[in-house]
K.L.:
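Structure below; questions to follow.
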2 protein chains.
Amino acid sequence: MFLSGTAFIVRGGTDTRQEGTFSVHGHLGVTMQSHAYTAMGCRGREILDRVGDKWSMYVVFTLSEGPKRFTELKRAVEGISQRMLTVTLRGLERDGIVRRTMYPVMPPHVEYELTPIGDKLVGTVSSFLGWVEDHFDEIDAARAAYDAREGRPEVHV
Amino acid sequence: MFLSGTAFIVRGGTDTRQEGTFSVHGHLGVTMQSHAYTAMGCRGREILDRVGDKWSMYVVFTLSEGPKRFTELKRAVEGISQRMLTVTLRGLERDGIVRRTMYPVMPPHVEYELTPIGDKLVGTVSSFLGWVEDHFDEIDAARAAYDAREGRPEVHV
DNA sequence: CCGCATCCAACGTGATACTG
DNA sequence: CAGTATCACGTTGGATGCGG
């Protein structure tokens, strides 16, 4: 989910038209034009799918404490299954966000750590967490309000 | 996926223990302690699920251009089905990220626009997009490298 | 200790058709 | 125009058991 418009069409396997302009005006004066749409859209969507799954960011944040072994991670990331930890780590490793170091001893010893770009990722995501922290009261309020008026749509004239 | 550890357990419906500390050291000196884990962990995960789905951010970015009607949105967000646009908008509306204004005329006229907190969200996510933009070359390279050595694990001693 | 393979249930999503 | 309802499908993720 990220300014896609093409990415999922490609994924879906239908056609591949690519057009349209896209401009964004954030509160920081952030402005992205069609450049952002074409260049970032597909990639942004793609990367978010990678990093936006159920466990990736959890693992990344855990690794931001420092390198960890497989079992340490499994303990730290409560609730993750062995399978999903493996799958998640493979994905992160493939994208160069996590580095895996294996020591061929018996029993096996494998360490995982964040790469420099993985470390930067932690920073950008932290700003999102900051947003959550700043606004979850409002979000809760909004939800309560929404759920309260459920069925009786507020009509504005 | 966001420092959860409890959220999904709750969602899964098993037990609900809640313990452990969580500290994060980003490259910005960002540091979150167990506070972050309990206060943000569940919420962060929860909100990311909300905002991290297939369409939400796409819709949010589209709305950052300005208010739009349902059909305008459907046109702008290429590939989205009517159903998913409805579902996505409902979710965003419930969380107070999008405001819906309905004019009871015939034919119906409904407008969607970003709330102030929705607007701020655009800013935080833009920083993530910036990360993608800064690093997708490296990510591509990492993937190529990873796929190339597939099957022949690099062993580090 | 670390990980892969298999099976299966749940959820998200899309297609289609119908309504005020 | 702006939805709702129903169905069907693919992907995700959990459980389990085996292997180096």
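Within every chain, numbering begins at 1; the chains are lettered A, B, ... in the order of the sequence lines, protein sequences first and strands thereafter.
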K.L.:
In terms of the angle between their ring planes, are Trp131(A) and His135(A) parallel, tilted or perpendicular, with boundaries placed at 30° and 60°?
P.N.:
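Ring orientation, 0 to 90° scale: tilted.
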K.L.:
Let me know, please, whether Pro107(A) or Ser81(A) comes out on the 5' side of the other along DNA chain D by nearest nucleotide.
P.N.:
Ser81(A)
K.L.:
Is any NZ, NE, NH1 or NH2 atom of the basic residue among Arg69(B) and Glu111(B) found under 4.0 Å from an Asp or Glu carboxylate oxygen of the other?
P.N.:
no
K.L.:
In whole angstroms, how far is the P atom of dA15(C) from the CD1 atom of Ile80(B)?
P.N.:
12 Å
K.L.:
What orientation do Tyr103(A) and His109(A) show, parallel under 30°, tilted 30 to 60°, or perpendicular over 60°?
P.N.:
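Ring orientation of Tyr103(A) relative to His109(A): perpendicular.
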K.L.:
Looking at CZ of Arg100(B) and CG of Leu89(B), how far apart are the two atoms once the value is rounded to the nearest 0.5 Å?
P.N.:
9.0 Å
K.L.:
Whole angstrom is fine here: how far is it from CE in Met106(A) over to P in dG3(C)?
P.N.:
13 Å
K.L.:
Using whole Å, report how far CZ of Arg50(B) lies from C1' of dG12(C).
P.N.:
13 Å
K.L.:
Could you encode protein contacts along nucleotides 2-9 of chain D as a string, one character per nucleotide from 5' to 3', using B for base contact, S for sugar-phosphate-only contact and - for no contact, with a heavy-atom cut-off of under 4.0 Å?
P.N.:
BBB-B---
K.L.:
Whole Å only: how far is the CE atom of Met84(A) from the P atom of dT16(D)?
P.N.:
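Taking CE of Met84(A) and P of dT16(D), I get 17 Å after rounding.
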K.L.:
Does a side-chain N or O of Lys54(B) approach OP1 or OP2 of dT11(D) to a distance below 4.0 Å, or not?
P.N.:
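For dT11(D), OP1/OP2 do not have a side-chain N/O of Lys54(B) under 4.0 Å.
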K.L.:
Who passes side chain to side chain contact (heavy atoms under 4.5 Å, CB included) against Ser81(B), sequence neighbours left out?
P.N.:
Arg83(B), Met84(B)
K.L.:
Taking NZ, NE, NH1 and NH2 as the nitrogens, is one of them in Arg75(A) or Glu78(A) under 4.0 Å from a carboxylate oxygen of the other?
P.N.:
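A salt bridge is absent here (no side-chain N lies under 4.0 Å from a carboxylate O).
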K.L.:
How many Å lie between OH on Tyr58(B) and P on dT13(C), as a whole number?
P.N.:
16 Å
